[in-house]
Amino acid sequence: MSGWDPAASALLELLPQTGRGPKRGGIFALWLTLRVAQDVLADPRPQERSHRRRVQALERRLSSLTMPPPLRRALVSAVAQLREVRREVVPQVLSQLVAPARESGGPEAGEAVARAAREARLTLR
């Protein structure tokens with residue numbers, strides 16, 4: 001992905017405002033997952049091998065972060081869906097993260113993920 005989009009920037013802006021702990025780890029995990037999901041939409045499409053490695057790296061990184069259990073479950077599901085390099089699943093994956101993001105990271109985190117899901121839908125049109 002080239003440059004920083006508004007959704008990823010919004011999540012990054014929340015990090016310094018959030019104290020250390022599960023909430024901050026959750027926001028960072030959302031940002032990492034969002035970046036991998038958005039890269040699937042990049043033109044040209046990522047090669048399958050590099051995408052597979054990136055998803056594996058994401059899984060390893062997420063396993064070491066402390067975050068609220070509902071968000072961890074949602075991210076595990078999202079990563080499982082991202083294993084395939086299919087552009088059409090990205091809006092669905094991001095939409096499924098909105099509620100857990102809002103619950104664990106606050107309304108700003110939920111809105112950032114919702115914005116990313118809307119942008120993904122628009123990109124596919």
Side-chain angles (χ1 to χ4, degrees):
M1 184 173 123
S2 61
W4 295 95
D5 74 323
S9 297
L11 287 173
L12 282 180
E13 289 172 9
L14 288 174
L15 281 175
Q17 300 170 10
T18 307
R20 290 186 178 244
K23 185 175 178 181
R24 186 175 185 161
I27 291 172
F28 183 63
L30 282 168
W31 177 76
L32 290 172
T33 307
L34 177 69
R35 297 279 300 172
V36 171
Q38 289 175 332
D39 282 348
V40 173
L41 298 173
D43 197 27
R45 204 179 270 187
Q47 293 182 357
E48 189 173 330
R49 183 176 180 188
S50 65
H51 178 72
R52 193 173 354 126
R53 285 182 179 173
R54 187 129 189 241
V55 170
Q56 288 172 347
L58 174 64
E59 285 178 302
R60 281 192 304 274
R61 186 62 179 114
L62 292 180
S63 70
S64 68
L65 293 174
T66 303
M67 64 188 92
L71 182 60
R72 181 172 298 282
R73 286 189 297 272
L75 288 171
V76 166
S77 173
V79 170
Q81 293 176 352
L82 287 173
R83 283 192 185 107
E84 299 179 33
V85 189
R86 291 186 21 223
R87 296 169 56 102
E88 60 273 3
V89 301
V90 173
Q92 177 186 356
V93 167
L94 294 176
S95 293
Q96 291 172 351
L97 289 175
V98 173
R102 187 170 284 130
E103 181 183 327
S104 61
E108 298 88 3
E111 181 54 38
V113 177
R115 182 183 315 151
R118 285 191 301 272
E119 290 171 4
R121 274 189 225 99
L122 290 174
T123 301
L124 290 178
R125 289 184 183 175

Modelled atom types, side-chain donor and acceptor of R24 and T66, under 3.5 Å: no
So, the side chain of H51 versus the backbone of L82: is there a donor-acceptor pair under 3.5 Å, distance only? yes
Can any side-chain N or O of R60 pair as donor or acceptor with the backbone N or O of V55 at less than 3.5 Å? no
Close side-chain approach of F28 and M67, heavy atoms under 4.5 Å: no
Less than 4.5 Å apart, side chain to side chain, heavy atoms only: is that true for V40 and R86? no
Considering all heavy atoms, the nearest L62-A29 contact: CD2-CB, 3.4 Å
Roughly how far, to the nearest 0.5 Å, is CG of L12 from CD of Q17? 11.5 Å
Find the distance between CZ (R118) and OG (S95) and round it off to the nearest 0.5 Å. 9.5 Å
Any chance you could measure L14, atom CG, to K23, atom NZ, to the nearest 0.5 Å? 8.0 Å
If you measure from CG on L124 to CG on L41, what distance do you get to the nearest 0.5 Å? 5.5 Å
Is V76 reachable from L97 through a run of hydrophobic residues whose side-chain heavy atoms are each under 4.5 Å from the next? no
Answer yes or no: is there a side-chain heavy-atom contact under 4.5 Å between R87 and T123? yes
State, with a plain yes or no, whether a side-chain heavy atom of R73 is found less than 4.5 Å away from one of P100. no
Do Q81 and S77 come close enough that some side-chain heavy atom pair is under 4.5 Å? yes
For A10 versus R115, what's the shortest heavy-atom pair and its separation? CB-NH1, 4.0 Å
With a sphere of 6.0 Å drawn around CD of E48, does it hold more than 12 non-hydrogen atoms of other residues, nucleotides or ligands? no
Taking every heavy atom of E119 against every heavy atom of D5, the minimum-distance pair comes out as OE1-OD2, 3.3 Å
Given side chains that start at C-beta, do those of L71 and L30 come closer than 4.5 Å, heavy atoms only? yes
For E59 and V79, which heavy atoms make the closest approach, and how far apart are they? CG-CG1, 3.2 Å
Restricting to non-hydrogen atoms, name the atom on R35 and the atom on A8 that form the minimum distance, rounded to 0.1 Å. CD-CB, 4.3 Å
Closest contact, heavy atoms only, L94 versus A37: CD2-CB, 4.1 Å
Look only at the side chain of R52 and the backbone of R83, and say whether a donor-acceptor pair between them is shorter than 3.5 Å. no
Non-hydrogen side-chain atoms of L34 and L11 separated by less than 4.5 Å: yes
